[in-house]
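First up is the structure itself, then whatever we jot down about it.
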2 protein chains.
Amino acid sequence: MAGMNQSAVRRVNTSVILRALAVSAGPTTLTSLSERTTLSRRTIELILDSLLTAGWVAELDRVPARGCAGRPARRYELRAEHALLAAVQITTENVSAVVADVRGRIVGRAHRPLRSYPDPQSSLDDAATLVREALEDAGGSPERLRAGALASGGAIDDDGVVRRLVHTTRWEGVDLPAELARRIRVPWFADNDTNLGALGERWRGVAGDHDNVVWAMLGNRAGLGILIRGAVHRGLDGAAGEIIEAVPMRTDSVENRPVAWLTSPEPDRRAVALERVEAARAGEASALAEVDEFVAHIATILTTLSWTVAPSLIVLGGGLEDAADVLLPRVREALRAARTPAVELRSTALGRDAALVGAVKLALDRMDTELFGPLVPSL
Amino acid sequence: MAGMNQSAVRRVNTSVILRALAVSAGPTTLTSLSERTTLSRRTIELILDSLLTAGWVAELDRVPARGCAGRPARRYELRAEHALLAAVQITTENVSAVVADVRGRIVGRAHRPLRSYPDPQSSLDDAATLVREALEDAGGSPERLRAGALASGGAIDDDGVVRRLVHTTRWEGVDLPAELARRIRVPWFADNDTNLGALGERWRGVAGDHDNVVWAMLGNRAGLGILIRGAVHRGLDGAAGEIIEAVPMRTDSVENRPVAWLTSPEPDRRAVALERVEAARAGEASALAEVDEFVAHIATILTTLSWTVAPSLIVLGGGLEDAADVLLPRVREALRAARTPAVELRSTALGRDAALVGAVKLALDRMDTELFGPLVPSL
DNA sequence: TGGATTTCGCGGGAAAGCAGCGTTATCGCT
DNA sequence: AGCGATAACGCTGCTTTCCCGCGAAATCCA
């Protein structure tokens, strides 16, 4: 229940202007910023001054605007490379890292198989190494790195602590941000990979206009990423969306049919699944039956979601996108038959990068908060 | 993406001070307000001045503070009766209205059976009449009424329009706020009764500290009210929580056993249900079996919720509270057996008034926004 | 070449909050 | 009853921040 003062106003307005610069494609003029932010020209002038000296913004040459009269406007541009963000994803098989600028453009990458998944410490060592490699790949000096975020499986709570993970207890209680900050000295954050998938999809993928989004990976592995009012919803102990924990998987269940291996991290299994999908495309009866069964399974889960979370968009990802042509129409039909609300169903636009893109966004948002304070007076 | 200016600061701070006055039990001093809001004494002085002249705040006599030295402080108090809020609830059987002050104290009531539920227009006429009666009961002049809110069953979207209602289509598309504003000329708002139950429970009930709450009515009638980050979550077309729409109810299903009539709006059926509960308390085998079956049904739904919405608290209401001693321990046990996250389970503290209390809170929040503007710059 | 258009650059002013200090009223102790 | 300690009052002056508006500057177009 904290009040506001003028410096809070300045912080908010600075952040607003930075965001306005970030969303605009090219250079921007004072007038355009003024219109979009409802702030006066003078105010923007002053704030841009401090952003210039801080290095966040560059002033470009003045160029006469072709085709319209008037004095040429000063043109400003976000120096996207002024700050770099790191994102790492750890799966059971691999660890991959990207380094991105504040616009979300990925400027460096690194990828390798994990030495030993069950062991948190060595995995986190690998993660840190990968971040350094990605930073080198980006050609960026380490001191430009401002923040990082980790995407991992399992239930991760609001503080980034692993609360639960299928098939192993060795990660439980690991404080991911703290562990990573020990290895690479910037603020770190962590979240579930499906949650970050949803976040990424809203930032740079297919979920742009939607405030309530579910990013769904359903199959052999299963998890939901949930955005409510545009923000990740973790729930108690990060359990929101961890449906794989809900039911112990039976060997005879749908999730163990080959087609459900679409979501598997193992290439061999994925290949088998894709063969089944191809067979279904070709009209082979047994493959079609298997797909139908799988679709029914997916539709059951999504129907439940439609009457509880009721997102306006569901994004299929985690491998399912490779069978989008087969799955999407069938699942849509099943949802319509179940008379659910008119939820939109799409395939991921980011593919395997979804969680990494979301992790970049997480790091970016948190960096913003650290620099400018919370935009909202916390009541 | 709107910037902030000083008048926005003043609006925010005025609202912050009003809220601080509202939550404090007795009269409050400048110093105490200053500490709680982190605003300077001077600022609070000035804002209280305008609130005094506007009638929102009263200054009380100075009384020496017993037991501690120092000049007696000026004491201010929220004039709770300065504004009145109306709340109406329409069920299939009844319509009831309350009038409350800004503290949420209910100062007037009215209640009567509904003439004809399927007919929206006559039902809304009844609702308007009841509000006038409740206002009379409160002894308040109509011009002190500032806003009103309606609680109704069914899927109600963000604009207050009924999108879906079991067993009838006659309410579909009815713009509840507009219809009520035609009859009683204040701003009106509408929401689902279970959503408002959750909101009420967080404001004046058992859910005070919890940000993610599910208010659950499960049985013959069924619906979930969902709070995420403290705010009502409606979802697409208001479908969030409308689980009764998910599955067509079968005559042989659990929801049609007598014990499930706990949630029925019909007194006769409720009486039958309570008899069954009493029999179970007495240890009668068939009643116990029925209760166990009902508990399993409830636990199934709540388990699903624990892995999707993952609230930190689930409140049982809508009639279930009358069997709390029987249901709560059994459902808790079932959830524990299912290894769900450690969600808390409680019985409603507001009982049948939950939705009405929540409606008062809804009207209050919206009135606040109308008076002081949104607290957050909308990005 | 000159009018129209658009932005620049800056001075003045208003709104809001903050810091600080002497004043005032009360308590508790002698 | 008197006196120091205490805590709030009431005010002046100051800082920060934003807004308004006007003359100047730079460009386009006829």
Side-chain angles (χ1 to χ4, degrees), chain A residues 1-18 20 27-52 57 59-77 372-373 375 377, chain B residues 1-18 20 24 26-52 57 59-77 372-373 375 377:
Chain A
M1 188 121 67
M4 273 207 140
N5 53 21
Q6 282 94 333
S7 66
V9 173
R10 172 53 71 93
R11 277 209 315 275
V12 168
N13 287 344
T14 306
S15 186
V16 163
I17 287 180
L18 268 184
T28 316
T29 67
L30 288 181
T31 312
S32 141
L33 282 173
S34 172
E35 280 164 4
R36 279 189 287 161
T37 59
T38 70
L39 292 168
S40 71
R41 273 175 44 84
R42 189 83 179 99
T43 301
I44 293 175
E45 226 169 45
L46 292 169
I47 292 180
L48 277 181
D49 261 357
S50 36
L51 286 176
L52 269 168
V57 167
E59 186 173 351
L60 283 71
D61 297 336
R62 298 194 194 190
V63 174
R66 292 275 133 235
C68 67
R71 178 176 180 169
R74 295 166 69 167
R75 292 152 70 235
Y76 296 91
E77 196 175 43
F372 306 110
L375 291 186
Chain B
M1 189 121 64
M4 273 208 140
N5 54 20
Q6 282 92 336
S7 65
V9 174
R10 172 53 70 93
R11 277 210 314 273
V12 168
N13 287 344
T14 307
S15 186
V16 163
I17 288 181
L18 269 184
S24 48
T28 316
T29 67
L30 287 182
T31 312
S32 141
L33 281 174
S34 173
E35 280 164 5
R36 279 189 286 161
T37 59
T38 72
L39 292 168
S40 71
R41 273 175 45 83
R42 187 78 182 109
T43 300
I44 292 175
E45 227 168 45
L46 291 170
I47 292 180
L48 279 179
D49 261 357
S50 34
L51 285 177
L52 270 168
V57 166
E59 186 173 352
L60 282 69
D61 297 337
R62 298 192 193 191
V63 174
R66 291 276 132 234
C68 67
R71 179 176 178 168
R74 294 167 69 167
R75 293 152 69 235
Y76 296 91
E77 195 176 44
F372 306 111
L375 292 186

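Throughout, a chain's letter reflects where its sequence line sits, starting with A, and its residues are numbered from 1. All of these numbers come straight from a predicted model, not from anything done at the bench.
Listed by chain and number, the residues in a side-chain hydrogen bond (donor to acceptor under 3.5 Å, both in side chains) with A:Thr31 amount to none (sequence neighbours excluded). Qualifying side-chain hydrogen bond (donor to acceptor under 3.5 Å, both in side chains) partners for B:Glu35, counting only residues two or more places apart in sequence or in other chains: none.
If you check C:dA16, D:dT17, D:dC9 against the side chain of B:Val9, the one that comes closest is C:dA16.
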Distances for protein N or O near nucleotides 19-22 of chain D N or O, under 3.5 Å:
from: D:dC19; atom 1: OP2; to: A:Ser40; atom 2: N; distance (Å): 2.9
from: D:dC19; atom 1: OP2; to: A:Ser40; atom 2: OG; distance (Å): 2.9
from: D:dC19; atom 1: OP2; to: A:Thr43; atom 2: OG1; distance (Å): 2.8

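Summarising the geometry, the separation between CD1 on B:Ile47 and P on C:dA15 is reported as 15 Å, rounded to the nearest angstrom. B:Leu48 has its CG atom 10 Å from the P atom of D:dC9, to the nearest Å. In this structure, B:Glu45 places its CD atom 13 Å from P of C:dC18, rounding to the nearest Å. With rounding to whole Å, A:Ile17 atom CD1 is found 13 Å from D:dT17 atom P. Distance, B:Asp49 CG to D:dG10 C1': 11 Å, rounded to whole Å. Straight-line distance from the CZ atom of B:Arg10 to the C1' atom of C:dG17: 9 Å, rounded to whole Å. Put simply, CD on A:Glu35 is 12 Å from C1' on C:dT7, counting in whole angstrom units. The CZ-C1' distance, from A:Arg74 to D:dA26, rounds to 14 Å in whole Å.
Judged purely by atom type and a 3.5 angstrom limit, A:Thr29 has no side-chain atom pairing as donor or acceptor with the backbone of A:Arg74. Judged purely by atom type and a 3.5 angstrom limit, B:Asn13 uses its side chain to pair as donor or acceptor with the backbone of A:Met4. Formation of a donor-acceptor pair under 3.5 Å by the A:Ser15 side chain with backbone atoms of A:Val12 is not found in this model.
Here the side chains of B:Thr37 and B:Thr43 are not in contact, with every heavy-atom distance at 4.5 Å or above. Here the side chains of B:Ile47 and B:Arg10 are in contact, with some heavy-atom distance below 4.5 Å.
When the side-chain nitrogen and oxygen atoms of B:Arg75 are compared with OP1 and OP2 of D:dA8, none of them lie within a distance under 4.0 Å.
The residue B:Ser7 sits close only to the backbone: its heavy atoms come under 4.0 Å of sugar-phosphate atoms, none of a base.
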